[in-house]
Enquirer: 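Quick one: structure below, then a few questions.
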Amino acid sequence: MHGKSSVISIPRLALSSLAHPAPEVAPNLLGCILVSSTTNGVITAGMITETEAYGGPNDEASHGFRGKTLRNRSFFLPYGHFYVYRSYGIHYCVNITTGHDDGGAPKTYAEGVLVRALLPLDGIKTMRRRRGKDQTFPASKLTAGPGMVTQALGISIEQDGLPLKNATNVWVTQPIKVFIKDDISITTRIGITKSKELNWRFRLKDMSSN
DNA sequence: GTCAAGATTAGT
DNA sequence: CTAATCTTGACG
């Protein structure tokens, strides 16, 4: 993506596609582009290649499982909002809230999709790691890990709770490619100790070696 | 009040 | 394997 064909011209994701349980939405976000202009207005963007679903009444690994707190309150927003949280005190991770259309009523439980990896498409020269020897994100190499996704796009707690619609500086496009079942690997989630049995991790195949 | 664990990552 | 570093829940 450069020059004439900018990610800015790609239509945004229809919010109605988020009005479903997180495990249903998570695979459908593969191929969508997460776009940010938080870094001095420069566009940084990448295609979502890995997601995980969290939430609902029975997911013990969900931050919302034990109710609303100051940290996770955005997770309880209606579908179509960003929930950004600080992980291990040092990283940020970004989720997109999902759920049934409740007419704006408060959700009884939190639900959303964690963005775990991107294929960088735009603003790659602007992407910077906060730590590490090589601070750059090499072009066309996968940006893997939820903490890396937010570093690459300059997403922090300032974007927590923002709506996808009328978003100020972060948004999601419609899918730029449609994937079939065989393109997606479905496994258990990473880095959790509870509700480990759920197959709620969705990855595009043939990207792991990239 | 103390303490341990956590949807993580980089360096040894 | 361990450090870095913040929030939460359990305990008392």
Enquirer: Whole-Å distance between dT8(C) C1' and Arg73(A) CZ?
Expert: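 Those two atoms, CZ and C1', are 15 Å apart.
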Enquirer: Please determine whether a side-chain nitrogen or oxygen atom of His63(A) lies at a distance below 4.0 Å from atom OP1 or OP2 of dA7(B).
Expert: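 Affirmative; the distance criterion is met.
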Enquirer: By nearest nucleotide on DNA chain B, pick out whichever of Leu114(A) and Lys133(A) is the more 5' one.
Expert: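 Going by which nucleotide is closer to the 5' end, it is Leu114(A).
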Enquirer: Is any side-chain nitrogen or oxygen of Arg71(A) closer than 4.0 Å to OP1 or OP2 of dG6(B)?
Expert: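 Arg71(A) to dG6(B) OP1/OP2: no side-chain N or O under 4.0 Å.
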Enquirer: Please check this pair: side chain of Gln159(A) against backbone of Val84(A), looking for a donor-acceptor N/O pair closer than 3.5 Å.
Expert: no
Enquirer: Round to a whole Å and report the spacing from NE2 of His91(A) to P of dT5(C).
Expert: 11 Å
Enquirer: Could you check whether the side chain of Tyr85(A) and the base of dA7(B) have a donor-acceptor pair of N or O atoms closer than 3.5 Å, going by distance alone?
Expert: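 Yes, the side chain and the base share a sub-3.5 Å donor-acceptor pair.
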Enquirer: Quick check: closest heavy atoms across Phe179(A) and Asp183(A), and the distance to 0.1 Å?
Expert: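 Taking Phe179(A) first and Asp183(A) second, the nearest heavy atoms are CA-OD2, 3.5 Å.
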Enquirer: Salt bridge check, Arg189(A) against Asp59(A): does any charged N sit closer than 4.0 Å to a carboxylate O?
Expert: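 Salt bridge between Asp59(A) and Arg189(A), a charged N being under 4.0 Å from a carboxylate O: yes.
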Enquirer: Specify the separation, in whole Å, of atom CD of Glu60(A) and atom P of dA7(B).
Expert: 12 Å
Enquirer: Given the P atoms of dT2(C) and dA4(B), what is the spacing between them in whole Å?
Expert: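 After rounding to an integer number of Å, I get 15 Å for this pair.
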Enquirer: Calculate the interatomic distance between Asn72(A) atom CG and dG6(B) atom P; express it in whole Å.
Expert: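 Interatomic distance, CG of Asn72(A) to P of dG6(B): 17 Å.
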Enquirer: Considering just the side-chain nitrogens and oxygens of Thr193(A), establish if one lies under 4.0 Å of OP1 or OP2 belonging to dG6(B).
Expert: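 Indeed, a polar side-chain atom of Thr193(A) lies that close.
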Enquirer: Would His91(A) and Gln151(A) count as a side chain to side chain contact (heavy atoms under 4.5 Å, CB included) if you check the C-alpha gap in whole Å, the side-chain angles of each, and the deciding distance to 0.1 Å?
Expert: CA-CA 8 Å; His91(A) 297 289; Gln151(A) 287 183 42; 3.6 Å; yes
Enquirer: What does Asn95(A) touch in the nucleic acid at a heavy-atom separation under 4.0 angstrom: a base, only the sugar-phosphate, or nothing?
Expert: base
Enquirer: With a 3.5 Å limit on both atom pairs, tell me what dC3(B) is paired to, counting Watson-Crick and G-U wobble, or say none.
Expert: dG9(C)
Enquirer: According to a strict under-4.0 Å criterion, is Arg201(A) in side-chain N/O contact with OP1 or OP2 of dA7(B)?
Expert: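 For dA7(B), neither OP1 nor OP2 has a side-chain N or O of Arg201(A) closer than 4.0 Å.
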Enquirer: Please tell me which of the listed nucleotides, dC6(C), dT8(B), dA10(B), lies nearest to the side chain of Arg86(A)?
Expert: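 Minimum distance to the Arg86(A) side chain belongs to dC6(C).
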Enquirer: Grab the CG-P distance between Leu142(A) and dT9(B) for me, whole Å please.
Expert: 12 Å
Enquirer: Find the distance Tyr88(A):OH to dA10(B):P and express it as a whole number of Å.
Expert: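 To the nearest whole Å, that distance equals 14 Å.
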Enquirer: Using whole Å, report how far CD1 of Ile157(A) lies from P of dT8(B).
Expert: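 Rounded to the whole Å, the gap is 16 Å.
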Enquirer: What is the nucleic acid contact for Arg130(A), judged by heavy atoms within less than 4.0 Å: base, sugar-phosphate only, or nothing?
Expert: nothing
Enquirer: Of the listed nucleotides (dG9(C), dA7(B), dA10(B)), which one gets closest to any side-chain atom of Thr69(A)?
Expert: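 Taking heavy atoms from C-beta onward, the closest nucleotide is dG9(C).
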Enquirer: Expressed in angstrom and rounded to an integer, what is the separation of Arg129(A) atom CZ from dG11(B) atom C1'?
Expert: 13 Å
Enquirer: Counting only side-chain heavy atoms from C-beta out, which of dA10(B), dA4(C), dA7(B) sits nearest to Ile90(A)?
Expert: dA4(C)
Enquirer: If you look at every heavy atom in Phe137(A) and Ile124(A), which pair is closest and at what distance?
Expert: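 Minimum heavy-atom contact is O-CG2, 3.1 Å.
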Enquirer: In whole Å, measure the gap between the P atoms of dG12(C) and dA5(B) for me.
Expert: 16 Å
Enquirer: Heavy atoms under 4.0 Å, any strand shown: does Phe75(A) hit a base, just sugar-phosphate, or nothing?
Expert: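 Counting heavy atoms under 4.0 Å across all strands, the contact made by Phe75(A) includes a base.
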Enquirer: Passes side chain to side chain donor-acceptor pair (under 3.5 Å), Glu52(A) versus Tyr54(A)? Steps please.
Expert: CA-CA 7 Å; Glu52(A) 279 177 0; Tyr54(A) 283 91; 2.7 Å; yes
Enquirer: Under 4.0 Å between a side-chain N/O of Ser87(A) and OP1 or OP2 of dG6(B), yes or no?
Expert: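 Indeed not, no polar side-chain atom of Ser87(A) lies that close.
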